[in-house]
Amino acid sequence: MNVKINKNDISTSQILRISQGKEIKDVMSLWAKIKDWFQSNKREKALKIIENIVSKAQSDDKNHFKMAYHILMLKAMSSDAYKERIKISIDDSLDNHNNKNITIFIDDYNIFIKDVDNEQLSKISKIINIFNRHSSVFSNEIALKCLYEKLDQNESESKDNDRIFAELYLELDKKISSGEIDLALNKSNFNQVDFYAISGLVNEAIDKNDTNLDIKKALRKDINRDTYIVNGEKIKSKNQEEAMQQFESLIQNLSEENKKAIYYLLNQEGITLIKSYNTALDYYTLTTSFSGDDIVKQEKVYSIKSLSNNLIEVKIKYLKKSSDKKNHNIILARPFESKLYNFIYDMVVTNNNLEPNDDKRLNKKIQEIKKQLNEKEPNLGEKFLDLLYRDKIINEDSIDITLKLNKGELVSLDGECTYRFY
């Protein structure tokens, strides 16, 4: 039987379990504040996690790694608008080299954990770091549970870090293929990390004083092929020079910084930047290649609008679509876009202090992982490499984003990149 508490269906067995503990007041007080952070289908599970967290906080439970896992699970389950209100802070002071203190924040409810030993601290730091660096993967509850279990198992069996993450990669890929996990691998919305990465690159581009650089070259080449609209007026001339003159006339009142930013974003380098859309954490990002004969639809629309003297809005819409019949002769550059792919390479790079573009040493490490996996189980290493190097044929590639620039500085970014596979 279920009853309603604060308009939420909660099972009577769960209420009984809470009521039998002395922490009922703290549990229900905290739950009343944060229940709206979770979708209705996740609230019963979220309440159970809250119960576990409060119970551990008020007992002498020393499994701090499990506590951290519960906090991250709560964060993964919460709606995007509330995720930043759930935090784990590790005291980095040098007063005690052996143990550290941890503070957990759930809105204004704080849990202070003193003298966490280095063994648990190492696991806690690792799971937090991986969760933050690859939240698109580990915000999935099943994927996070797999990560927690692997890290816990790793400590008990003293496995090599590279091998443990390779095994996790294989496990997650299997769960994705079976449909147990849906990471929406073909779609990514922009977030704060992407904003700062792209902002930095735009600023770097407009700060260049290379007088030999023709920043208008790409636009001059494409202006007759793509669609350009400035303050509602479309560039219509089919003559390249006339079209350029019309474009420059329409943007003449913009600041010089905004002009440089526009030329950069309309350049192929700008499109590559937008499609990469992530920081060095996702260094291994999709590079698409379409056979010219196979493209059935392609369009690029650039719309520029003045919002004030210094503020402009740039909208970029890009679509490239191949035929509905898969062409196995299409060659795609490797690696293909996959958040799992980015995860495993990032872990190998991080664990071995490599540079992300040090392909020689990176490939050597990958071969070492293959050997370790084969020692565990025949052909497991080959299976790992097959997953790592497989191709995916893209059916549709699109961008739909809006940027706002103030004197060449990026002030807002919204939209998404989408890859649709056959």
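In this chain, residues are counted from 1 in sequence order.
To the nearest 0.5 angstrom, Ile344 atom CD1 is 8.0 Å from Met347 atom CE. Expressed to the nearest 0.5 Å, how far CG of Asp91 lies from CG of Asn101 amounts to 5.5 Å. The CG atom of Leu219 sits 11.5 Å away from the CG atom of Leu265 when rounded to the nearest 0.5 Å. Atom NZ of Lys236 sits about 15.0 Å away from atom CG of Asn224, to the nearest 0.5 Å. In this structure, CD in Gln246 is found 13.0 Å from CD in Glu241, a value given to the nearest 0.5 Å.
Ion pair Lys317/Glu299 not flagged as a salt bridge, since none of the NZ, NE, NH1 or NH2 atoms sits closer than 4.0 Å to an Asp/Glu carboxylate oxygen. Using a 4.0 Å cut-off between charged nitrogen and carboxylate oxygen, Lys33 and Asp108 count as a salt-bridge pair. The pair Glu248-Lys259 fails the salt-bridge criterion, with no side-chain N (NZ, NE, NH1 or NH2) lying under 4.0 Å from an Asp/Glu carboxylate O. Salt-bridge annotation for Lys407 and Glu256: absent, with no side-chain N of the basic residue lying under 4.0 Å from a carboxylate O of the acidic one. Ion pairing between a basic and an acidic side chain is recognised when a charged N comes within 4.0 Å of a carboxylate O; Glu368 and Lys365 show such pairing. With respect to the salt-bridge test (charged N to carboxylate O, under 4.0 angstrom), the residues Glu257 and Lys260 do not qualify. Glu180 and Lys174 are not joined by a salt bridge, as no carboxylate oxygen comes within less than 4.0 angstrom of a charged side-chain nitrogen.
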Practice task
Check the pair Arg43, Asp36 against salt bridge (charged side-chain N to carboxylate O under 4.0 Å, His left out), reporting the backbone distance first and the verdict last.
Solution key: CA-CA 9 Å; Arg43 286 179 180 170; Asp36 292 332; 3.7 Å; yes
Exercise for the section: Might you work through the salt bridge (charged side-chain N to carboxylate O under 4.0 Å, His left out) test for Asp222 and Arg225, ending with a clear yes or no? Expected result: CA-CA 5 Å; Asp222 294 335; Arg225 298 189 295 189; 2.3 Å; yes
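Scored by the side chain to side chain contact (heavy atoms under 4.5 Å, CB included) test, Lys238 finds no partners at all (sequence neighbours excluded). In terms of the side-chain hydrogen bond (donor to acceptor under 3.5 Å, both in side chains) criterion, residue partners of Asn351 (sequence neighbours excluded) are, by chain and number, Asp162. Residues satisfying the side chain to side chain contact (heavy atoms under 4.5 Å, CB included) criterion with Asn110, sequence neighbours excluded, are Phe105. Lys145 is linked by a side-chain hydrogen bond (donor to acceptor under 3.5 Å, both in side chains) to Glu149, counting only residues two or more places apart in sequence or in another chain.
Lys370 pairs in a salt bridge (Lys or Arg N to Asp or Glu O under 4.0 Å) with only one of the listed residues (Glu375, Glu377, Glu382), which is Glu382.
Ring orientation note: the planes of Tyr169 and Phe384 are nearly perpendicular, at an angle over 60° on the 30°/60° scale. Between His134 and Phe343, the ring planes are perpendicular. Angles over 60° get that label, and only those under 30° would be called parallel.
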Contacts table for residues 73-86: side-chain donor-acceptor under 3.5 angstrom, sequence neighbours left out:
residue : atom : partner : partner atom : Å
Lys75   : NZ   : Ile86   : O            : 3.3
Ser78   : OG   : Lys75   : O            : 2.7
Ser79   : OG   : Trp37   : O            : 3.1
Lys83   : NZ   : Lys75   : O            : 2.9
Lys83   : NZ   : Ala76   : O            : 3.1
Lys83   : NZ   : Ser78   : O            : 2.8
Arg85   : NH2  : Asp107  : OD1          : 3.2

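For Phe131 and Phe138, the ring centers sit 6.0 Å or farther from each other.
With a 4.5 Å cut-off on side-chain heavy atoms, Leu403 and Ser412 do not count as touching. Inter-residue side-chain proximity for Ile102 and Ile124 is flagged as met; some heavy-atom pair is nearer than 4.5 Å.
Using modelled atom types and a 3.5 Å distance limit, the side chains of Asn161 and Lys126 yield a donor-acceptor pair. For Asn231 and Lys305, the side-chain atoms include no donor-acceptor pair closer than 3.5 Å.
Pairs passing the ring-ring contact (aromatic ring centres under 6.0 Å, His included) check and including a residue from residues 242-262, sequence neighbours excluded, do not occur.
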